[in-house]
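Everything on this sheet refers to the single structure shown next.
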Amino acid sequence: MTSSPTSTRHSPPPRAAEGLRVSEELPPPVPALFPARALRERLDDRLTRELAGAAERIARGSVMPTLDMAGFRRELAGFDFRDPRPLEPLLEWTIAQLEHGVTHMTHPRYFGLFNPPASFPSQCADRIAGAFNPQLASSGSSPAPVEIEAHVIRAFARRAGLPADASGHFTTSGSEANYTALVCALTRAEARFGEDGVRAFAAPVAMYTSCECHPAWFKIVHQAGVGRAALRLIATDGQGRMDARALAQRVAQDRQQGLVPVLISATAGTTGAGMVDPLAQCAQIAREHGLWCHVDAAWGGAALCSDRLRGLLAGIELADSLTIDAHKWLATTMGCGMFITRHPALLSEAFRVRADFMPSTAHSLDPYLNSVQWSRRFMGLRLFLALAAAGWQGYAAHVERSVEVIEQVKARLLTRGWSVVNDSPLAVLCTLPPPGYPAVGEIVRRVRACGRAWAACATFEGREVLRVCATHGETSLADVEELVAALTAAA
Ligand SMILES: Cc1ncc(COP(=O)(O)O)c(C=O)c1O
């Protein structure tokens, strides 16, 4: 309860706790946490120079971590946090540990998972967001940032061909966005789900995706409370794409057996092989059976930026919702997913809540009323600044360049007798060595051990393959040559 000005005037002043003297002044701020401006500026400048130097050394050195972990752990144990240490050497120490203690996704010969080196505008965004630290839960406390995020979400929704009133929000990850899709699907499928949870359904629910889906779906069905048995992994067509006939049959069969199908998630750019499920057919099956159709375009969604490549995602415009991760092919700093839906009212229904202490209650806008998170960082600024600085055409060039990098790798490997096993038009290559080479796992181990490049092992259509993905925006032809040399030397 708030007290009126009158009652405040007449109430006795607060008494100090027994034994505590109330001084006339506050203690000074803790300088280690809030240093003076001159010191901050000096450290900021130093940090900028040190990081640039480290980036140059990384590009010339090993892709793999080279840190002696036993020595590192001993040093780490020395941090007992009893005595404060000066920040400047701490910053230097931290940069050195990261320079030697991580697999370098920022290395131009990291041909690995969907982890990009972050674009410069997105790094600037993190700096600005860190300095202002706006609370993105509510438009009341962060009117401009919330509008910026909503603007970027709408821009991507339009690019995907969703209706003008489509909306959504930024998420920490593709997994969070996919989880949001399942919560929406459950909320739409059964009006009492919000109150009673899965008990509201007359029978166990089921959701459908392909056996080439991202494995986070196993955790999603678990945490959503529908259980891992609810996940139906549909067979693929021999080329890593969900078999639409098998999907239709399984949905019909489950329905006949009394289950409650709720969601189909088609993948646009599978994690292992960059394959695109038949999106229009999946949407059609979902419509026929009244299911929510989600497209997990966590990585492949970036192709929407390119007029040349966006046709590969035809059918995405029919989806009820989408996942697109800017921290993958759109090269922002980590933790920048997007959930986009053509059903904004349903999204608000799924995440409705009442909190009188919040500074706003804008049902269609406030992120705390429309998403999993409450307190949230200004994640969307990373994509806003990058997209504003590069334009769609800049991102198109970035995405098309990655596809070209993979074409160059492919051409070189084919002439050396390697075969290509995936037919992806995107920037992932699954390849097998000519006869006489060691097993793929051993090739990958040898390539990584020499530190010249990084590639992955993956399973594609039941076979172990070598997976090469272009994620770095600055990979050169010399880097491609070096990768191919490392792969062929691994025999
Ligand atoms: C197709 C797909 N979906 C979802 C995810 C999970 O995304 P995140 O790692 O951001 O949770 C990935 C990650 O690679 C992915 O490739």
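The structure displayed is predicted, hence computed values, not measured ones. Numbering of ligands and ligand atoms starts at 1, following listing order. Quick note: residue numbers are just sequence positions, from 1.
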Which residue supplies the protein heavy atom nearest to atom 11 (O) of ligand 1, what is that atom called, and how far is it?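 The answer is Ser175 OG, 2.6 Å.
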Got the closest protein heavy atom to atom 12 (C) of ligand 1, with its distance?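 Result for atom 12 (C) of ligand 1: His214 CD2, 3.1 Å.
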Give the atom numbers and elements of ligand 1 that come within less than 4.0 Å of a heavy atom of [X].
| X | answer |
| --- | --- |
| Asp325 | 7 (O), 8 (P), 10 (O) |
| Phe114 | 14 (O), 16 (O) |
| Thr271 | 1 (C), 2 (C), 14 (O), 15 (C), 16 (O) |
| Gly269 | 1 (C) |
| His327 | 10 (O) |

Side chain to side chain donor-acceptor pair (under 3.5 Å) between His343 and Asp320, intermediate numbers included: CA-CA 7 Å; His343 306 292; Asp320 290 302; 2.7 Å; yes
Have [X] and [Y] got a donor and an acceptor in their side chains that come within less than 3.5 Å?
| X | Y | value |
| --- | --- | --- |
| Thr332 | His327 | no |
| Thr267 | Thr270 | no |
| Asn178 | Ser175 | no |

Are Ser360 and Asp366 close enough, and set up right, to give a side chain to side chain donor-acceptor pair (under 3.5 Å), and what steps lead you there? CA-CA 7 Å; Ser360 58; Asp366 281 348; 2.7 Å; yes
Should the pair Phe351 and His169 be assigned to parallel (<30°), tilted (30 to 60°) or perpendicular (>60°) ring geometry?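 The rings of Phe351 and His169 stand perpendicular, inter-plane angle above 60°.
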Heavy-atom nearest option to [atom], drawn from [options]:
| atom | options | result |
| --- | --- | --- |
| atom 10 (O) of ligand 1 | Ala177, Gly174, Ala216 | Gly174 |
| atom 13 (C) of ligand 1 | Glu212, Lys328, Glu176 | Lys328 |
| atom 1 (C) of ligand 1 | Val295, Thr323, Asp296 | Asp296 |

Are Arg241 and Asp277 close enough for a salt bridge, meaning some N to O gap below 4.0 Å?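 Here Arg241 does not pair with Asp277 in a salt bridge, since their nearest N and O are not under 4.0 Å apart.
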Does only the side chain of Trp299 get under 4.0 Å from ligand 1, or the backbone, or both, or neither? Count heavy atoms.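 The answer is neither.
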Is Thr270 in polar range of ligand 1, meaning some N or O pair under 3.5 Å apart?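 Between Thr270 and ligand 1 (N or O atoms, distance only) the closest approach is not under 3.5 Å.
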Rounded to the nearest 0.5 Å, what's the gap from CZ on Phe114 to CH2 on Trp299? Could you check?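 Separation between the atoms: 4.5 Å.
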